[in-house]
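Each ligand, and each atom within it, is numbered from 1 in the order the structure gives.
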Amino acid sequence: MDRIAIISDIHGNIPALEAVLADINERGIQNIYCLGDLIGKGPEGEKAIRIVRDCCRVIVKGNWDDFITRETNSSVLQWHQQQLSPHSRKFLESLPFSKDVIMSGRKVRLYHASAESLYVRIQPWDSLEQKLAMFQPSELTGFLWEEPDIVGYGDVHQAFVQSFLGKTLFNSGSVGNPLDSSGASYAILEGNYNIAEVSAIGIQLIRVPYNIEKAIEIARKMDMPQCDEYIQELTTGKYRGLN
Ligand SMILES: [Mn+2]
């Protein structure tokens, strides 16, 4: 059996990222894929990019990775942008939209938010119709397959696995800014990698406790904007807005 650890939405939270990487390492998993949003919201985006580049075999682009490379009038975005080295900016710009893999005879498609766009957000409580659209190929995913059997994504910071109409949709949750529960979240996909014959497959959601106090201390020391909202999200696992 092969295992792929799927991490997403690190958002510059290094204590959370380190805790997740230690857990992955303890399980002896060497293949790590990242579903985007390395930077923003949290304080240490540049560092997150460096670590993720070092340890992940596959990295796809998130919405933050996209808009952070563009000019902006927002002082909050400018603060996060200032951390970004020219090299990392180019790296973020170069990231692909999605990654397709075969696992235990299933076509698995991985991307950040939805097949349609980095900016179309699908929540676990959205309609079946919206979820089925996640399996449609698009200009962005490419047309390698008519439809995948499994889709894995990030973006909403909510970990879940749902099966319907012969399809499985999962979300790895967020490493650095979970909005469902306060532990760092990631997923493990287990099966026979790149094997066309159908065999057993597993999707596991992992929740890792980490030093939230340390994460808060770093954000405070760096004088990060919107620090109070950030701290509230880290400590409660609840979104700051109305959603
Ligand atoms: Mn995100």
Exercise for the section: Decide whether T168 and S163 meet the rule of one side-chain donor and one side-chain acceptor closer than 3.5 Å. Expected result: yes

Problem - Aromatic ring pairing Y153/Y111, orientation class (parallel under 30°, perpendicular over 60°, tilted between) - result: tilted

Exercise for the section: Flag H112 as yes if one of its N/O/S atoms falls below 2.8 Å of the Mn ion (ligand 1), otherwise no. Expected result: no

Handout entry: Carboxylate-amine/guanidinium proximity below 4.0 Å for E147 and K107
Key = no

Practice task
Would you name the N/O/S atom of D9 that lies closest to the Mn ion (ligand 1)?
Solution key: OD2

Problem - Opening angle between NE2 in H157 and NE2 in H11, taken at the Mn ion (ligand 1), to 10 degrees - result: 90°

Exercise for the section: Give the cluster check for Y230 versus I212: same hydrophobic cluster or not, with ILVMFWY residues linked at side-chain heavy-atom distances below 4.5 Å. Expected result: yes

Handout entry: N/O/S atom name from D37 that is nearest to the position of the Mn ion (ligand 1)
Key = OD2

